[in-house]
> 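Handing you a structure now.
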Amino acid sequence: MPVPARRLPLMMPRRRPTALASRILVLLVSIVAAAVPAAAAQPQQPKPPVPPPPLVLAGGTVIDVTNWGQSADDIQDAIVFIRDGHILAVGTRASLPIPKGAQVIDCTGKYLIPGFVDGYAGIDNQGQASADLYMGVTTVVAITSDRHGWVNHIDQNAHPSPHIYPLDSIGSTDDWSLLIHKPEWAATLKNPPGRSVELSPEDTARQIADEVKLGTRVLWLGHDLTAANTQWIVEHAHQAGLVTYGEFISTPYRVGVQAGVDVLLHMDRFQLGVIPDELQQPLMDDPEGAASRTAYGYADRLPPTDFHLRAYAQFLSSQHTALMPTLSAYYLRLPNHRNLWKDPAAHLLDMASLNSPPDPVTGEADYPLGGWTRHLPSATQRWMEENARKKADLDADKLWAINRTIFAAGQHYLAASGAPSSGTMPGISMYTELEMMVRLGLSPREALAAATNNYADQLHWTELGQIAPGRRADILVLDGDPTANIWNVRHINTIFLDGNQIDRESLLKK
């Protein structure tokens with residue numbers, strides 16, 4: 001039988017790749033080959049830098065100065081984180097663990113308060129700047145005038161120095177204006193003989209704009225501004241973000257306050273708001289002459305219990321305006337004062353840069369007589385000096401009684417020394433201001449608030465005034481509780497300015 005043929009498996013014919021497939025294959029291979037070294041060579045994105053550990057103040061008690069000194073939510077065994085000149089966080093030790101590597105300053109048993117704000121003072125040399133810092137003043141609303149240092153400038157080159165917030169006059173001619181050195185302002189601001197005069201609305205508007213460019217923070221509304229100009233200036237200053245201080249004579253105080261002025265200056269000025277209309281009207285034409293003396297004489301003689309004074313005090317307490325009494329200007333005329341030259345910071349101060357400084361030996365205010373008295377017998381001169389002293393002391397007692405009535409209505413206060421005028425001293429007189437506020441009737445905590453957070457609440461300067469997140473790290477570490485005794489603010493252990501620890505003892509070296 002024939003042998004059957006063996007079947008072979010069917011084989012699919014092999015196809016040659018088309019030209020298009022070949023090109024695609026070559027392209028894929030080249031892409032893969034190029035991607036491998038490119039991926040290997042591509043640098044990795046840098047990681048964001050790790051911020052340095054914060055400075056930590058640990059274990060102290062953070063004093064609450066909010067709500068005009070009415071709150072008392074102190075933080076005990078507190079942790080305060082500081083970085084880049086600002087406060088990052090504040091809390092209890094249980095709520096804020098200390099990070100590794102942090103620089104820790106042990107504040108156990110200490111008390112932490114914000115640095116003081118002196119709301120009205122001159123600062124025209126390094127000695128004054130150092131005296132302020134030594135006494136815990138970390139911010140100064142700085143002024144220039146013939147009464148404050150006799151130098152027509154603010155020393156913004158002092159180092160170290162508190163933060164400086166310049167103040168300037170507005171709406172009037174002024175030989176001490178910060179703008180008068182600019183050629184475009186020299187003729188406009190130059191005082192004519194006799195007294196300053198109001199500027200035109202156009203010049204005032206231009207002045208506000210230039211003050212903003214200059215970095216001015218506060219505008220001073222002075223004696224010769226009439227009511228209509230005061231109202232206009234307050235409105236436009238606030239639109240420009242500037243704070244307004246009022247020291248009125250021509251403008252009735254009620255008008256200035258109702259216009260929204262932020263601050264009334266000086267215990268011996270804002271009492272003028274109690275005078276009747278018939279005494280106010282002549283002040284529009286004679287703010288510095290006989291009409292002024294008559295008006296102040298009326299206010300000085302008013303009994304502290306007078307109905308009109310109490311009504312005026314109630315009016316002030318019902319308004320937005322805060323009072324800045326600069327009580328320290330009368331410190332040497334009131335009982336229980338001490339020799340300010342005994343303070344360690346006093347040797348930093350040049351007597352030539354102070355206005356009417358106290359006697360360095362006795363610490364008492366001087367009452368110089370006119371040059372014509374030098375021909376009188378010595379006994380007569382001493383008698384005249386003693387009479388001048390007694391009269392000044394009596395006037396201070398009357399003014400103090402008036403201000404106690406104004407205080408009793410429940411005012412909002414801001415602390416300021418007025419230094420270096422009328423026997424006050426930079427830095428040192430901030431302490432006398434706090435002491436006298438307590439003597440007036442404020443609690444120690446309310447006095448502390450007047451020198452710290454009241455400025456944030458009243459003037460919207462929310463960069464300062466509290467030991468709280470986001471605020472500037474200007475901090476005083478005290479050895480004693482200042483809410484128990486205001487004298488304890490003198491016991492400064494450490495000062496931080498912008499988060500930097502200040503060598504306090506080195507400040508005493510001229």
Side-chain angles (χ1 to χ4, degrees), residues 48-119 133 136-141 160 162-165 217 241 243 322 412 414-415 445-478 481-483 489 492-502:
V50 178
L55 171 67
V56 177
L57 309 184
T61 298
V62 173
I63 299 297
D64 180 12
V65 290
T66 62
N67 193 27
W68 300 85
Q70 298 298 311
S71 178
D73 294 330
D74 300 339
I75 303 175
Q76 298 182 350
D77 196 18
I79 300 295
V80 180
F81 287 177
I82 298 171
R83 183 186 290 134
D84 297 330
H86 287 80
I87 298 168
L88 293 179
V90 181
T92 62
R93 192 185 295 270
S95 64
L96 287 179
I98 299 174
K100 289 184 178 180
Q103 178 188 352
V104 180
I105 296 179
D106 186 8
C107 297
T108 302
K110 311 297 183 185
Y111 298 84
L112 280 61
I113 63 173
F116 295 135
V117 182
D118 190 338
L133 273 183
V137 177
T138 56
T139 303
V140 174
V141 177
H163 299 280
I164 293 177
Y165 290 11
R217 300 289 295 266
V243 168
H412 285 164
L414 298 175
R445 191 185 297 273
E446 289 170 333
L448 291 173
T452 54
N453 193 59
N454 289 6
Y455 281 90
D457 286 347
Q458 178 70 11
L459 308 182
H460 309 295
W461 291 345
T462 53
E463 72 275 16
L464 49 70
Q466 279 191 50
I467 300 177
R471 304 293 176 113
R472 206 161 54 207
D474 300 338
I475 298 173
L476 309 182
V477 181
L478 308 178
D481 183 357
T483 66
V489 297
I492 297 177
N493 181 279
T494 311
I495 298 174
F496 293 92
L497 181 70
D498 290 322
N500 298 311
Q501 189 170 353
I502 299 295

> Quick one: pull up CZ in F116 and CD1 in I495 and give me the separation to the nearest 0.5 Å.
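Going from CZ on F116 over to CD1 on I495, the span is 9.5 Å.
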> Which side-chain N or O atoms in residues 95-103 pair as donor and acceptor under 3.5 Å with protein atoms at least two apart or in another chain?
{"from": "S95", "atom 1": "OG", "to": "T92", "atom 2": "N", "distance (Å)": "3.1"}
{"from": "S95", "atom 1": "OG", "to": "T92", "atom 2": "O", "distance (Å)": "3.0"}
{"from": "S95", "atom 1": "OG", "to": "T92", "atom 2": "OG1", "distance (Å)": "3.1"}

> Do F496 and V477 have side chains that get closer than 4.5 Å, going by heavy atoms?
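Yes, side chains in contact.
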> For T61 and D74, which I'm curious about, is there any donor-acceptor pair between the side chains at under 3.5 Å?
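No, because no side-chain N or O of T61 sits under 3.5 Å from a partner of the opposite role on D74.
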> Atom CD1 of I113 and atom CG of D64: how far apart are they, to the nearest 0.5 Å?
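Rounded to the nearest 0.5 Å, the CD1-CG separation comes out at 12.5 Å.
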> For the side chain of R471 and the backbone of T462, is there at least one donor-acceptor N/O pair under 3.5 Å apart?
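Present.
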> Would you please say whether a donor-acceptor pair under 3.5 Å links the side chains of T139 and R472?
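A pair is found: one side chain offers a donor N or O, the other an acceptor, under 3.5 Å apart.
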> Counting only heavy atoms from other residues, nucleotides and ligands, does the tally under 6.0 Å from CG of D84 exceed 12?
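No, because the 6.0 Å sphere around CG of D84 holds 12 heavy atoms or fewer from other groups.
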> How far apart are the closest heavy atoms of P482 and Y111, and which atoms are they?
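Smallest heavy-atom distance, with atoms named: CD-CB, 4.0 Å.
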> If you look at every heavy atom in A78 and V62, which pair is closest and at what distance?
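Shortest heavy-atom separation between A78 and V62 comes out as CB-CG2, 3.6 Å.
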> Closest approach of P160 and L133, non-hydrogen atoms and distance?
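Heavy-atom minimum between the residues: CB-CD1, 3.7 Å.
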> When rounded to the nearest 0.5 angstrom, what distance separates CZ in R445 from OG1 in T452?
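Going from the CZ atom of R445 to the OG1 atom of T452 covers 10.5 Å.
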> Is any side-chain heavy atom of E446 closer than 4.5 Å to one of Q70?
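The answer is yes, as the side chains (C-beta and beyond) meet within the 4.5 Å cut-off.
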> Return the minimal non-hydrogen interatomic distance between P52 and R83, and the atom names on each side.
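What the structure gives for the nearest pair is O-NH2, 2.8 Å.
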> Mind checking the CG-OG1 spacing from L448 to T483? Nearest 0.5 Å is all I need.
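Answer for the CG-OG1 pair, L448 versus T483, is 7.5 Å.
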> Parallel, tilted or perpendicular, judged at 30° and 60°: which one describes the rings of W461 and Y165?
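Perpendicular.
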> Side chains of I82 and I475, heavy atoms from C-beta outward: is any pair under 4.5 Å?
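Side chain of I82 against side chain of I475, heavy atoms only: contact under 4.5 Å found.
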> Rounded to the nearest 0.5 Å, how far does CG of L414 lie from CG of D118?
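With rounding to 0.5 Å, CG (D118) is 11.0 Å from CG (L414).
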> Which heavy atom of P469 sits nearest a heavy atom of L88, and at what distance?
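Minimum heavy-atom separation between P469 and L88: CB-O, 3.6 Å.
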> Hey, does I87 have a side-chain heavy atom less than 4.5 Å from the side chain of Q466?
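Side chain of Q466 against side chain of I87, heavy atoms only: no contact under 4.5 Å found.
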> Under a 4.5 Å cut-off applied to non-hydrogen side-chain atoms, are L55 and Q501 in contact?
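Not in contact.
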> When H163 is tested against each of V117, L464, V140, D498 for side chain to side chain contact (heavy atoms under 4.5 Å, CB included), which residue passes?
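Only match with H163 under side chain to side chain contact (heavy atoms under 4.5 Å, CB included): D498.
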> Might you point out which heavy atoms bring W68 and A449 nearest each other, and give the distance in Å?
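Minimum heavy-atom contact is C-CB, 3.8 Å.
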> Looking at CD1 of I63 and OG of S71, how far apart are the two atoms once the value is rounded to the nearest 0.5 Å?
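So the gap between those two atoms works out to 11.5 Å.
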> L57 and L112: side-chain contact (heavy atoms from CB on, under 4.5 Å), yes or no, with the steps?
CA-CA 9 Å; L57 309 184; L112 280 61; 3.9 Å; yes
> Measuring only between side-chain heavy atoms, which start at C-beta, is I492 closer than 4.5 Å to L478?
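Of all side-chain heavy-atom pairs linking L478 with I492, at least one is under 4.5 Å.
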> If we only count heavy atoms from C-beta on, is the V65 to N454 side-chain gap below 4.5 Å?
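The answer is no; the side chains never approach within 4.5 Å.
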